Student: 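Below are the structure tokens for one structure; questions will follow.
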Amino acid sequence: MQEALRPLVDLVGPGPATPVMVAGLDVAYAQSGDLLAAAVTVLDARTLAVVDSAVSVGRPAFGYVPGLFAFRELPALLAALDRLSTRPDLLVCDGHGLAHPRRFGLACHLGVVTGLPAIGVGMTPLIGEWDPVQRGRGSWSPLRDGGDVVGRVVRTQDGVKPVFVSVGHRMSLDNATTQVFALAPRYRLPETTRTADRLCREALARAR
DNA sequence: GCGACAG
DNA sequence: ATCTTGTCGC
């Protein structure tokens, strides 16, 4: 299925230079493992204020299998997106896009299914190799796999562990990197990820 | 055959 | 992802 959908990824579109409505998506799980809450928060990119949000509580649709992560979280994330009253200009996903064994991670899958520009911001690597990244905020190093540049290892704050940025859909890698720096002025993770993370955690706590 | 392996 | 205990730095 991933190999069939992969050709639908738009690698040409540079994406919006100045997106205003930027969405963060994240999922929290109950310890029992049979309940999850997905959240989407929409931020005004100019102020980083949350202007819209939605949640969806449900069951994991699939076990956790590295490389098949989207099949686990996609249904709940799409349900939350459907409950949004705003149309995001960009989806910032918790996981990878092209930095995937078949070049079709969660961010690509979400992008293709919704038709929206999407990028992946992962906290740990799935594939690829990279040279050490300089210590300062703004530094990055190409993430390479099998001769392809599949993303960038990005330092969002001085001395913090880098994050892994990759293209999902309708965005250039340059623009994806620019957006991540703009969304992470103070902390390691983009504000989109931070607000979505808090929301899905509280939605889960409320649900159980 | 062995190790790695988004969340 | 979640849980646990402790440590480091600002």
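These numbers come from a predicted model, not from an experiment. In what follows, chains carry the letters A, B, and so on, assigned in the order in which the sequence lines appear, proteins first and then strands, with residues in each chain numbered from 1.
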Student: Under 4.0 Å: is that the gap between some side-chain N or O of A/Thr124 and OP1 or OP2 of B/dC5?
Tutor: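 Checking B/dC5 against A/Thr124, no side-chain N or O comes under 4.0 Å of OP1 or OP2.
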
Student: Looking at every strand, decide which applies to A/Gly120 at a 4.0 Å heavy-atom threshold: base, sugar-phosphate, or nothing.
Tutor: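 If one applies the 4.0 Å heavy-atom cut-off, A/Gly120 turns out to touch nothing in the nucleic acid.
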
Student: Starting at atom CD of A/Gln31, determine the distance to atom P of C/dA1, rounded to an integer number of angstrom.
Tutor: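 Result: 15 Å.
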
Student: Would you kindly give the CG-to-P distance between A/Leu126 and B/dG3, to the nearest whole Å?
Tutor: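 For the pair A/Leu126 CG and B/dG3 P, the rounded distance is 19 Å.
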
Student: Closer than 4.0 Å, any side-chain N/O of A/Arg201 to the OP1 or OP2 of C/dT2?
Tutor: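 For C/dT2, OP1 or OP2 has a side-chain N or O of A/Arg201 closer than 4.0 Å.
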
Student: Whole angstroms only, please: what is the CD1-P distance between A/Ile127 and B/dC5?
Tutor: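 Rounded to whole Å, this separation is 12 Å.
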
Student: Name the closest nucleotide to the A/Leu106 side chain, picking from B/dG7, B/dA6, C/dC3.
Tutor: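 Per side-chain heavy atoms of A/Leu106, the pick is B/dA6.
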
Student: Starting at atom CD of A/Glu129, determine the distance to atom C1' of B/dC5, rounded to an integer number of angstrom.
Tutor: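 Distance, rounded to whole Å: 14 Å.
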
Student: Just checking, is any N or O donor in the side chain of A/Asp131 or A/Ser141 under 3.5 Å from an acceptor N or O on the other one?
Tutor: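 Side chains of A/Asp131 and A/Ser141: no pair found under 3.5 Å.
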
Student: Check whether the side chains of A/Glu73 and A/Tyr29 place a donor and an acceptor atom closer than 3.5 Å, and report yes or no.
Tutor: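 Yes, A/Tyr29 and A/Glu73 have a side-chain donor paired with an acceptor closer than 3.5 Å.
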
Student: Output the single nucleotide from B/dA6, B/dG7, C/dC3 whose closest atom is nearest the side chain of A/Asp94.
Tutor: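 Minimum distance to the A/Asp94 side chain belongs to B/dG7.
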
Student: Start with the C-alpha gap between A/Phe69 and A/His96, add the side-chain angles, then the distance that decides, and say whether ring-ring contact (aromatic ring centres under 6.0 Å, His included) holds.
Tutor: CA-CA 10 Å; A/Phe69 182 54; A/His96 298 103; 9.4 Å; no

Student: Any base atoms under 4.0 Å from A/Ala30, or only sugar-phosphate, or nothing? Heavy atoms, all strands.
Tutor: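 Since no nucleic acid heavy atom lies under 4.0 Å of A/Ala30, the category is nothing.
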
Student: For A/Tyr29 and B/dG7, is the shortest distance between a side-chain N/O and OP1 or OP2 below 4.0 Å?
Tutor: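 It does not, given that no N or O in the side chain of A/Tyr29 lies less than 4.0 Å from OP1 or OP2 of B/dG7.
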
Student: Expressed in angstrom and rounded to an integer, what is the separation of A/Leu68 atom CG from C/dA1 atom P?
Tutor: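 For the pair A/Leu68 CG and C/dA1 P, the rounded distance is 18 Å.
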
Student: Nearest whole angstrom, please: distance from the P of B/dA6 to the CD of A/Gln2.
Tutor: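 Those two atoms, CD and P, are 14 Å apart.
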
Student: In terms of side-chain heavy atoms, does A/Asp174 have a donor or acceptor partner in A/Ser172 at a distance below 3.5 Å?
Tutor: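 No, because no side-chain N or O of A/Asp174 sits under 3.5 Å from a partner of the opposite role on A/Ser172.
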
Student: So does A/Glu202 pair up with A/Arg206, basic N to acidic O under 4.0 Å?
Tutor: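 Answer for the salt bridge query: yes.
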
Student: Check the distance between C/dA1's C1' and A/Arg59's CZ and give it to me in whole angstrom.
Tutor: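 The answer, rounded to whole Å, is 16 Å.
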
Student: So what does A/Pro60 touch, heavy atoms closer than 4.0 Å: a base, only the sugar-phosphate, or nothing?
Tutor: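 Nothing, no nucleic acid heavy atom in range.
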
Student: Can you identify which nucleotide, out of C/dT2, B/dA6, B/dG7, has its nearest atom closest to the A/His96 side chain?
Tutor: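 Taking heavy atoms from C-beta onward, the closest nucleotide is B/dA6.
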
Student: What nucleic acid atoms does A/Gly122 come within less than 4.0 Å of, heavy atoms only: base, sugar-phosphate, or nothing?
Tutor: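 Answer is sugar-phosphate: A/Gly122 comes under 4.0 Å of backbone atoms only.
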
Student: Are A/Arg144 and A/Asp148 within salt-bridge range, i.e. N to O under 4.0 Å?
Tutor: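 So A/Arg144 does not pair with A/Asp148 through a salt bridge.
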
Student: In dot-bracket notation, what is the pairing pattern of DNA chain C, taking Watson-Crick (N1-N3 plus N6-O4 or O6-N4) and G-U wobble (N1-O2 and O6-N3) contacts under 3.5 Å, with [ ] crossing and | for other strands?
Tutor: ..........

Student: A/Leu204 CG to B/dG7 P: how many Å, rounded?
Tutor: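 Rounded to the whole Å, the gap is 18 Å.
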
Student: Please determine whether side chain to side chain contact (heavy atoms under 4.5 Å, CB included) holds for the pair A/Thr114 and A/Leu78, giving the CA-CA distance in whole Å, both sets of side-chain angles, and the decisive distance to 0.1 Å.
Tutor: CA-CA 8 Å; A/Thr114 62; A/Leu78 290 174; 3.9 Å; yes

Student: Is the shortest distance from a Lys or Arg side-chain nitrogen in A/Asp26 or A/Arg194 to a carboxylate oxygen in the other one below 4.0 Å?
Tutor: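 Salt bridge flag = no for A/Arg194 with A/Asp26.
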
